[in-house]
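The chains referred to below are lettered A, B, ... by the order of the sequence lines, with proteins before strands, and numbering in each begins at 1. Computation of the quantities below employed the complete heavy-atom set of this structure, encompassing side-chain atoms and omitting hydrogens, waters and symmetry-equivalent molecules.
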Amino acid sequence: MNQSIRVRYAPSPTGMPHVGNIRTALFNWLFARHHGGTFIVRIEDTDASRKVEGALEDILESLRWLGLDWDEGPEVGGECGPYFQSQRLDLYQKHARQLVEAGHAYPCFCSPQRLDDMRREQTQRKQPPGYDRHCRELPQGEIDRLRDGGTVPVVRFKIPLQGQTNFGDLIRGDVTFENSTLDDFVILKSDGYPTYHLANVVDDHLMRISHVLRADEWLSSTPKHKLLYDALDYKPPYWAHLPMILGPDRAKLSKRHGAASLTEFRDRGYLPQAMTNFLALLGWSLDDRTELMDRKELVEHFSLERVGKTGAIFGMDKLDWMNGVYLRKLTTPELTDLAMPFLERDLASSIPRPLDREYVLRIMPLLQERIRTLGKAHLPSGDAPSGGELPELAEFFFPDNLQHDPERLRGKKLSPEGAREALG
RNA sequence: GCCCCCAUCGUCUAGUGGACUAGGACGCUGGCCUUUCAAGCCGGUAACAGGGAUUCGAAUUCCCUUGGGGGCACCA
C-alpha cells in the first residue's frame, strides 16, 4: 500500500457526466489502483444556482457502472470529510480571511454592473478582459465605510504585479505564465461561497491529494492555483493535465454532442467492460498493438508516462466494434440474461410480452456474432444507427413481426421458416 | 484581442537520432471460409502540416509560419 498516492475525481453536480468527465475519473482511478493509492470522490457544489437535480446520483451511478469504486467520498465517508464542498464553507472562509490578513487578498466592492461595463469596454477595444484592480489598494477607512454602507464584498486574490509563475506538469513539462496576464480573481463570492480556485486548492491540501489529474482545460488556471499554494505556504501537488476528449467537430465535448452521457451508453446496450477499455485508450496506450485489455490489465499497466498530449475525438465506430468484441466474449446464457431487459424494452410492441427466455436463448447464438449493441438508439439527436442493434436483428425471429422485415435483412435466400428450422 | 497547450493514415494510436521502404487497430475495400448474412482468417487503401536550422543521419532536437484546441465570470 502506497500511502502517499492520493488522487481525486472532483465533479460538479451540474449535469450528466459525459465521456470526457468519466475518462478523467477512470485515469484517476487507474492511477490510484496501479500504485495502491487512494481514490477520492469530492463533490464541488459551490454554485447553488447551477445545481441540477439528479446530477449527483447520475455521477455516482456512472462510476458504479464502470466499477470505479472510491475509497473516500459520498456514501463511504473518510477521514478528510465532509466530501461535499457546500459543507465546508467555514474552511474556505477561514482561508480567505487568512489571505486577506497576510496581504495576499483584498475585499472588492465593485458592482456586477461596473464589472460588466468594464469588460464590455475592454472587449470592444480588443483588450484582454480582466479586473482593473480598482479595489486593490483601498484605504482601511474606505473599506469600513463601504462595509458599513451595507455592500457585501467579494474577496480577490492579489496577483503579483511583476514576474512570472512557473510550474511543472507531469505530462506537459514546464509551463510558464507572465503574471501580468493574470488578473485578480475572486476567491470568495459575496454569498460566502468560495470559487472553484480557492475551494480546490484548500481541499486538495486538506485532503492530502498528491497528484491532480484533470482535463487540459484547467491548464491555464493552474498558475492561479500555484500562486494560491505559495501564498498559503502549502506544498502544491503534482499536476498532470490530461488531453481532452473532443466531439466529432474537434470541439470540446458539450451537451450538443448528444450521445455523450454515460448512462445513455448504458441504456443503449454498451457493456461497461467495453466502455472502460475504450475510454482507457483515449489518451493512453500500452504499446503499438495491445488494445483489448480488461480492468485488471489496465490497472497493471497504466502509467502517466504513456498518456499522450493530443486531444482525441470520441469515435463511435471503434467503440461499436469493441462492444461487439466484448459481447462475443460472453457465454450465450450470460448474454441472454443481459439482453432480456433490452429486448423487453425495444422489441416491436406487436410481439407479445413477456418474452420467452428459452426461445431467446435458442436464437441468441445466431445473433451473438453480429450484434454491436444490446438496445436501440432512442436518440433524438439523430445519430446514425450503428447497424448492429440486437432488438432490430432479433425481430426477424418473431413471426408476429415478419411482414416488416424482408428489406432489412441482407441475406435474401433465408426464409423466416428456414431460420426457425435451422434452429432445430 | 491577449495568454497557454497541441500537431503521424478519415479516426484512436506506436514511434523519445540510424532497426521507418513509418507499425497496430477502427472504418472503407478485395479474397478465403460459408446454403445467406455475420463472425473469423488473409490482403489492400491511407499519415510524419509547411519552411528553415542542428547533425554523417531527422517523424523524432531547435526556431518561424500555418492549423487546431483550451482559457480569459461573484461557472466549474
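The line from CZ of R125(A) to OG1 of T123(A) is 10.0 Å long, rounded to the nearest 0.5 Å. Atoms CZ and CG, on F39(A) and L68(A) in that order, are 6.0 Å from each other to the nearest 0.5 Å.
The side chain of A251(A) has G70(B) as its nearest neighbour among C3(B), C6(B), G70(B). In this structure, the nucleotide among G1(B), C74(B), C5(B) sitting nearest to the side chain of D216(A) is C5(B). The nucleotide whose nearest atom lies closest to any side-chain atom of T310(A) is, among C6(B), G69(B), G27(B), C6(B). With U13(B), G70(B), C74(B) as the choices, the nucleotide that has an atom nearest any side-chain atom of V154(A) turns out to be C74(B). Comparing G70(B), C3(B), C12(B) by their nearest atom to the side chain of F177(A) picks out C3(B). For D317(A), the side-chain atoms get nearest to G27(B) when compared with the rest of A25(B), G27(B), C3(B).
M322(A) comes within contact range of no nucleotide atom at all, as no heavy-atom separation falls under 4.0 Å. Residue contacts for T222(A): at a heavy-atom cut-off of 4.0 Å it reaches no nucleic acid atom on any strand shown. Nucleic acid contact class of E44(A) (heavy atoms, under 4.0 Å, all strands): sugar-phosphate only.
One interatomic measurement links the two molecules: CH2 of W239(A) to P of C4(B), which rounds to 17 Å at whole-angstrom precision.
Applying a 4.0 Å cut-off to non-hydrogen atoms, the residues of residues 47-57 of chain A that approach RNA chain B are D47(A), R50(A), listed by residue number.
The phosphate of C12(B) has neither OP1 nor OP2 within less than 4.0 Å of any side-chain N or O from R23(A). Put simply, R250(A) has no side-chain N or O that comes within less than 4.0 Å of OP1 or OP2 on C6(B). Applying the 4.0 Å criterion to OP1 and OP2 of C75(B), one finds that K189(A) has a side-chain N or O inside that range. Residue R289(A) has no polar side-chain atom (N or O) positioned under 4.0 Å from OP1 or OP2 of C26(B).
Put simply, the side chain of K318(A) and the base of C12(B) share a donor and an acceptor less than 3.5 Å apart.
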Just distance, no hydrogens or angles: give the donor-acceptor pairs under 3.5 Å from side chains in residues 58-67 of chain A, sequence neighbours left out.
| from | atom 1 | to | atom 2 | distance (Å) |
| --- | --- | --- | --- | --- |
| E61(A) | OE2 | R266(A) | NH1 | 3.2 |
| S62(A) | OG | D58(A) | O | 2.8 |
| R64(A) | NH1 | E75(A) | OE1 | 2.9 |

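Shown here, G10(B) forms a base pair with C26(B); the pair counts as Watson-Crick or G-U wobble because both key distances fall under 3.5 Å.
For the pair K226(A) and Y229(A), the NZ or CZ position fails the cation-pi test of under 6.0 Å to the six-membered ring centre and within 45 degrees of the ring normal. The cationic group of R88(A) does not satisfy the cation-pi geometry with F84(A), failing either the under 6.0 Å distance to the six-membered ring centre or the 45° limit from the ring axis.
Map S285(A) and D174(A) each onto its nearest nucleotide of RNA chain B; the residue landing nearer the 5' end is D174(A). Of the two residues near RNA chain B, D183(A) and W218(A), the one whose nearest nucleotide lies more 5' is D183(A).
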Self-check item: Residue pair Y196(A), E44(A): steps toward the side chain to side chain donor-acceptor pair (under 3.5 Å) verdict
Solution: CA-CA 8 Å; Y196(A) 168 83; E44(A) 311 224 323; 5.0 Å; no

